[in-house]
Amino acid sequence: MPFSSLSEIKTRLDAGQTTAVDVAKLYLDRIQAFNKDLNAFVHLDPEHVLAQAQASDLYRTQHTPRPLEGLPIAIKDIFCTQDGPTRCCSKILEGFEAPYDAHVITLLKEAGAVLVGKTNMDEFAMGSSNETSAFGGVQNPWNIDCIPGGSSGGSAAAVAAALTPAALGTDTGGSIRQPASLTGLVGLKPTYGRISRRGIIAFASSLDQAGPMTRTVKDTAMITSVLSSHDSGDSTSVVDAPSFDWLKACESRDMKGLRIGKPKEYFIDGIHEDVRARIEEALKICESLGAEIVDISLPHTEYAVAAYYVIAPSEASTNLSRYDAVRFGHRCENPEDLEDMYARSRDEGFGAEVKRRILTGAFALSSGYYDAYYLKAQQVRTLISQDFKAAFEKVDIIATPTSPIPAFKSGEKTDDPLTMYLSDIFTIAANLAGLPGLSQPCGFADNLPVGLQWIAPAWQEDKILSAASAYEGATDWHTKSPAAFGGNL
Ligand code: GLN
């Protein structure tokens, strides 16, 4: 049971073979037993979890079960939740309790989900290894000497070790897909505008999007279908977003007639040989399922990381100005004057990576440099979107590695931010262009999971779900789980 998918647990709940309380107890026991090895959760209130499960069991006796009735879902610490702290794993938010639930949290509650604690993450979601968290790093369940990816590293480790069957993450430049890839999970970043950002602590508002991290493609569809609904409280949440039957999209078992683009810029030197081999093998399977593999080019890919590291820090520098020790955030002791209070409070509250982003962003936006950096980066962003547009005239969907390398050792890249930034080289372009992207497990390299990424035109998550479901149906990578935590490999 612990490594069951969400949909398997749902089947057992609906058949009366188990109860939400028993399911919650099982995962609470596992968190109790294993969290000390992983540091995946930064907040857990077992009584509150059980109370939600009891309420769900009661609801079930009186009504038709809701879509996520009684199913446990862990929440990245970036989502505002009325119950318990919301700290974005930053010292600056120590003691902060959100006055309201993020819109997506409300939707999960209304769908009957049982919310299980807050998961560890890189501070303000800035990082690719979960090592910038004020609560310390997270270990990868497949090898505890390795990082789980980031920034949604706690969510990834928690699902991979079956401390919860599913979790929510956010993805600004790859923070759902890269950790999903490094821990052998399915993770979806939906089309920008599909899911409300209200109540999600902002990093880079034009890129941030929430999404699920699960064991199977169908589980991802179950959660995303609940989350995708217009929110009048978020001006970037799209009204009447194109929709479809999310679960039906997962019934596909072949790829007949599907044209899959294979961009040459994503198969460059420097990618781990075994990662490349796994992706090539996956594409062969796609061919055997009826797909046609088409070589394509996304020529501006090589500028994506550079453009992202101007745009994301620029937006972050303005978003994070709200932590001024007055409205939000830590306040230093005995400030001499207003300026001293701002400076010292922010210096004490923010970690090194967050400060680096604020400085880079403020510089890129400053007068005299705005045109040279910010404006240029926005122009590159347009070119990247146009690359995708042109590619989607020839193909239905694009397949790439999610990450150029498998999980690396903790501490290996912490002194070298530029190398760390390259972790997201294959995920960032989808954020810049606002497109949906999903990572799913496709084998191992150095005994660590490898992820296959699918990117589709905006609003066509159904294409991704169909392709990923067909691939999943033909392989068994999604059934593998780490032996150190009671799994099968
Ligand atoms: N690793 C990237 C960064 O540090 C992406 C993070 C994210 O998607 N939140 O900015």
Side-chain angles (χ1 to χ4, degrees), residues 75-79 88-90 119-133 137-138 147-156 167-183 187-190 192 195 197 200-213 304-317 319-320 350-361 364 377 381 402-405 407-408 412-414 416-439 451 453 455:
I75 307 296
K76 184 178 181 179
D77 197 30
I78 198 167
F79 293 91
C88 231
C89 285
S90 178
T119 54
N120 206 337
M121 56 181 282
D122 281 296
E123 185 181 3
F124 284 104
M126 298 172 188
S128 308
S129 64
N130 215 115
E131 289 166 293
T132 71
S133 166
V138 174
I147 54 92
S151 63
S152 312
S155 288
L168 275 199
T170 56
D171 190 313
T172 304
S175 280
I176 289 174
R177 290 162 289 155
Q178 185 255 16
S181 166
L182 271 40
T183 56
L188 171 71
K189 180 201 88 74
Y192 183 82
I195 294 184
R197 293 182 300 105
I200 302 175
I201 294 177
F203 164 9
S205 308
S206 77
L207 301 161
D208 298 342
Q209 195 65 188
M213 304 173 79
V305 173
Y308 173 87
Y309 276 98
V310 172
I311 294 169
S314 297
E315 294 184 16
S317 72
N319 273 328
L320 270 58
F350 288 133
E353 183 59 31
V354 173
K355 286 178 190 162
R356 185 177 294 123
R357 306 285 177 111
I358 293 173
L359 287 172
T360 324
R381 185 176 188 173
T402 308
S403 161
I405 49 170
F408 47 88
E412 196 177 300
K413 295 184 197 285
T414 34
D416 187 356
L418 283 184
T419 319
M420 186 74 92
Y421 294 172
L422 290 174
S423 304
D424 301 300
I425 188 161
F426 297 151
T427 47
I428 275 174
N431 299 81
L432 290 172
L435 305 179
L438 175 142
S439 182
Q453 176 176 233
I455 301 172

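Just so you know, these numbers use all the heavy atoms, side chains as well, and skip hydrogens, waters and symmetry mates. First listed ligand is number 1; within each ligand, the first listed atom is number 1.
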Could you tell me which atoms of ligand 1, counted from 1 in the order shown, lie closer than 4.0 angstrom to a heavy atom of [X]?
| X | answer |
| --- | --- |
| Ser151 | 9 (N) |
| Phe203 | 9 (N), 10 (O) |
| Met126 | 4 (O) |
| Tyr308 | 2 (C), 3 (C), 5 (C), 6 (C), 10 (O) |

Any heavy atom of Arg357 sitting closer than 4.0 Å to ligand 1? yes

message: So, 4.0 Å and heavy atoms of Gly174: is ligand 1 close enough to count as a contact?
response: yes

Quick one: do the [X] and [Y] side chains pair a donor with an acceptor below 3.5 Å?
| X | Y | value |
| --- | --- | --- |
| Asp424 | Ser128 | yes |
| Asp122 | Thr132 | yes |
| Lys413 | Thr419 | no |

Do [X] and [Y] make a side-chain contact, defined as non-hydrogen atoms from C-beta onward lying under 4.5 Å apart?
| X | Y | result |
| --- | --- | --- |
| Val354 | Ser90 | no |
| Asp208 | Thr170 | no |
| Ser155 | Leu168 | no |

Heavy atom under 4.0 Å from ligand 1: found in [X]'s side chain, backbone, both, or neither?
| X | result |
| --- | --- |
| Tyr309 | side chain |
| Ala125 | both |
| Thr172 | both |
| Tyr421 | neither |

Looking only at protein heavy atoms, what sits closest to atom 2 (C) of ligand 1 is Asp424 OD2, 3.1 Å

Looking only at protein heavy atoms, what sits closest to atom 6 (C) of ligand 1 is Ser175 OG, 2.8 Å

Please verify the inter-ring angle class for Phe203 with Tyr308; under 30° counts as parallel, over 60° as perpendicular, anything in between as tilted. perpendicular

(Q) Please check this pair: side chain of Arg177 against backbone of Ser439, looking for a donor-acceptor N/O pair closer than 3.5 Å. (A) no

Check: Less than 3.5 Å between some nitrogen or oxygen of Gly150 and one of ligand 1, yes or no?
Finding: no

| said: Regarding ligand 1, does Lys76 bring an N or O atom to under 3.5 Å of one of the ligand's N or O atoms? | reply: no

Margin query: The test is side-chain contact (heavy atoms from CB on, under 4.5 Å); show your working for Met420 and Phe408 and say whether it passes.
Written below: CA-CA 10 Å; Met420 186 74 92; Phe408 47 88; 3.9 Å; yes

